[in-house]
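Worksheet: one structure, shown below.
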Amino acid sequence: MKKTTTGLFLDTAFAAALLIKVFSAGFSYFCVLDDYVQYGCYPLYDNLSRVYFGIGTASIRPLAAFFDPAVWGAFFPNMALALLILCALLFLSAKLFDRCFTLCGIAVTPFFYAVYLLLPLGFEGTYWISASSRIVVGLFFTALTAYLLITYLKKRNAWQLVLYAVCSLASFGFYESVTVLSGLIQGLIILKFAFDEKQYKRLWLLAVPALCTAAVLVYYKLAAHIGALGSRAAEFSVTHIGARLGELFSQFGYIFTAGLYRTTAAGFLDGLKILMQNGVFGIVISILILCVSILCAYAGGKYKLFAKAKLCVPLGLLLIILPLLPNILVPDVWLTYRSIVVCLPGFCVLFAPLLALTFQNRCAKTAALFLLTSVFLVGCVNEVHTYKAVSELDGQIVNEVLQHLDDEVLTGKKETVLVLSQEVIIPQTSFYKDHVKSVFYADWAVTGAVRACARNIKIKTITPVYSLENVDTEGKQVLYMDEYYHVTEETNE
């Protein structure tokens, strides 16, 4: 038996599970928040340099900024194909991580696929394209970089070294936490092969992630004043690190206690209700979830688990904690559900030996895989439903706003004030920070949604308020939204 959890049957089962996870409401993607701005508005500019350097998106996460209008924006408003591509990249990253960890002697189990691909807590980071276009693509390049590095260390071909270096730099251009993860994995692999094989000359390869890190730091420094968003690149500081570190662990603890419970356990219960309320379609999805869970359990249960690495606990903790540290370099620590997706390879390493030792019995292993897969998929049904409900309500209100905008607003001659009678909110299992929020909570979000749906970037700022008190309405169109989310026009006297 090969020392790997891979195999055509297992791959097919988890690939099918991944597709059910994101398309349980049909072959559609439901845009929220930044999606409208990044993929609906930015491609409307005739010259994308205005986006990269005028607005300043190139000042941070440069490769992600380039991909937004140039690649992902090409799919708007039909973003389901973009999501399908990101799912493929997520699955390929799982395969590559599997191969790399196995080659390094670390136990990789089918449970890794279940958690890495299907965990409802990580749904935001793997579904929401505004986040997954950074996290998933970054993780793919990280896994590919690690695989190319190991391949070079074993075969020593020059072209592999070049590809490794290029992919290493690419992995640093999407998401700060992924940057740290990529550099850390490369460093650990180089150290392992150098000391295990007593080939200390190979330590020169540490220069590759070091030079990539230096390049990114220099880039961020130079880009700190590019466009309106450039100031975000200048926010990094090392003051009050202790307090920020405490806040980081506090938020991390909340996410892996209350957040994990709400998205997984409570999400599973709400997901069951949604399936039961969706008639024939809900029955079909339920049958698909049941079938794919059985396939994942049967395929994963066949493979013998192994545990060789003695340093899995410290290595796992490093891979979990260090990628989160960029969050303490900004004034406000902002750890979200999407943030923890970068930690999942670390959890794989941390718990792999324990899982390998615990589930030696095939029946227990099969039952555990079935339970995890089915619970996770039903929990993800709830997440998709939440995105769908929020996106559809936003779309309904945005269309009503568009029907009432006058010609001066549409031609960019004046701004708009939208008076809300109440917060635009959809009941959901887990309210946490910006997890599936309505665009009507901030001016940039509602303005981006209206511009994207109208295909008109001339529209000036639309400001949502709850009262006109202390609001300057001179020269602005004023619209009102009632408690039923209907928009009407009033003349501002």
Side-chain angles (χ1 to χ4, degrees), residues 29 31-79 81-83 85-86 89 128-138 140-141 165-176 178-179 211-236 326 330 409-415 439 442-462:
Y29 173 76
C31 293
V32 295
L33 293 177
D34 306 59
D35 290 332
Y36 292 106
V37 178
Q38 294 166 342
Y39 315 121
C41 294
Y42 289 167
L44 296 176
Y45 287 88
D46 294 330
N47 187 349
L48 291 182
S49 64
R50 291 181 59 189
V51 175
Y52 300 138
F53 306 109
I55 298 173
T57 60
S59 63
I60 52 173
R61 303 170 184 171
L63 288 182
F66 171 78
F67 274 58
D68 282 344
V71 178
W72 309 119
F75 294 97
F76 189 88
N78 303 308
M79 300 293 287
L81 285 175
L83 180 60
I85 292 171
L86 289 165
L89 293 178
W128 183 25
I129 294 181
S130 183
S132 59
S133 62
R134 285 135 176 78
I135 297 170
V136 170
V137 181
F140 168 74
F141 276 107
V166 171
C167 288
S168 176
L169 185 59
S171 69
F172 280 40
F174 288 94
Y175 198 68
E176 293 80 13
V178 175
T179 296
L211 288 173
C212 290
T213 302
V216 168
L217 292 175
V218 170
Y219 179 88
Y220 273 31
K221 183 66 176 179
L222 295 175
H225 303 291
I226 293 178
L229 296 178
S231 59
R232 292 176 62 185
E235 289 179 349
F236 296 107
V330 292
V409 173
L410 294 174
T411 55
K413 295 179 180 178
K414 66 181 182 182
E415 297 182 4
V439 296
D443 56 1
W444 65 266
V446 64
T447 303
V450 171
R451 287 173 176 172
C453 292
R455 310 304 287 164
N456 182 356
I457 55 174
K458 294 180 180 179
I459 296 173
K460 289 191 173 181
T461 302
I462 300 174

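When a residue number appears, it is its place in the shown sequence, counting from 1.
Judged purely by atom type and a 3.5 angstrom limit, Thr57 has no side-chain atom pairing as donor or acceptor with the backbone of Ala65.
When side chains are defined from C-beta on, Phe76 counts as touching Arg455, because their heavy atoms get closer than 4.5 Å. Counting heavy atoms from C-beta on, the side chains of Thr213 and Leu217 come closer than 4.5 Å. With contacts defined as side-chain heavy-atom distances shorter than 4.5 Å, the pair Lys458/Lys413 does not qualify. Contact check for Leu63 versus Phe141: no side-chain heavy atoms found under the 4.5 Å cut-off.
Here the closest non-hydrogen pair linking Tyr45 and Ile55 is OH-CD1, 3.9 Å. The heavy-atom pair separating Gly73 from Pro43 by the smallest distance is CA-CG, 3.7 Å. In terms of heavy-atom proximity, Ala452 sits nearest to Cys41 at N-SG, 3.7 Å. Across all non-hydrogen atoms, the minimal contact from Gly138 to Ser171 is O-CB, 4.4 Å.
No more than 12 heavy atoms of other residues, nucleotides or ligands shown are found within 6.0 angstrom of CZ on Arg50. Environment of CG in Asp46: sparse, with no more than 12 heavy atoms of neighbouring residues, nucleotides or ligands closer than 6.0 Å.
Residues passing the salt bridge (Lys or Arg N to Asp or Glu O under 4.0 Å) test with Lys414 are Asp406, Glu408, sequence neighbours excluded. Partners of Pro62 under the side-chain contact (heavy atoms from CB on, under 4.5 Å) rule, at least two apart in sequence or in another chain, are Tyr219, Tyr220. Partners of Ser132 under the side-chain hydrogen bond (donor to acceptor under 3.5 Å, both in side chains) rule, at least two apart in sequence or in another chain, do not exist in this structure. Remark: Thr461 engages Glu415, Asp443, Thr447, Thr463 in a side-chain contact (heavy atoms from CB on, under 4.5 Å) (not counting sequence neighbours). Residues satisfying the side-chain hydrogen bond (donor to acceptor under 3.5 Å, both in side chains) test with Trp72, not counting sequence neighbours, are none.
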In a table with atom names and distances, give each donor-acceptor pair under 3.5 Å that connects a side chain of residues 31-40 to protein atoms at least two apart or in another chain.
from	atom 1	to	atom 2	distance (Å)
Asp35	OD1	Trp128	NE1	3.4
Asp35	OD1	Ser130	N	3.1
Asp35	OD2	Tyr29	OH	2.6
Asp35	OD2	Val32	N	3.1
Asp35	OD2	Trp128	NE1	3.2
Tyr36	OH	Cys31	O	3.4
Gln38	OE1	Ser130	OG	2.8
Tyr39	OH	Asp68	OD1	3.4
Tyr39	OH	Ile129	O	3.2
Tyr39	OH	Ser133	OG	2.9

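Separation of atoms OG (Ser59) and OH (Tyr52) is listed at 13.0 Å; rounding is to 0.5 Å.
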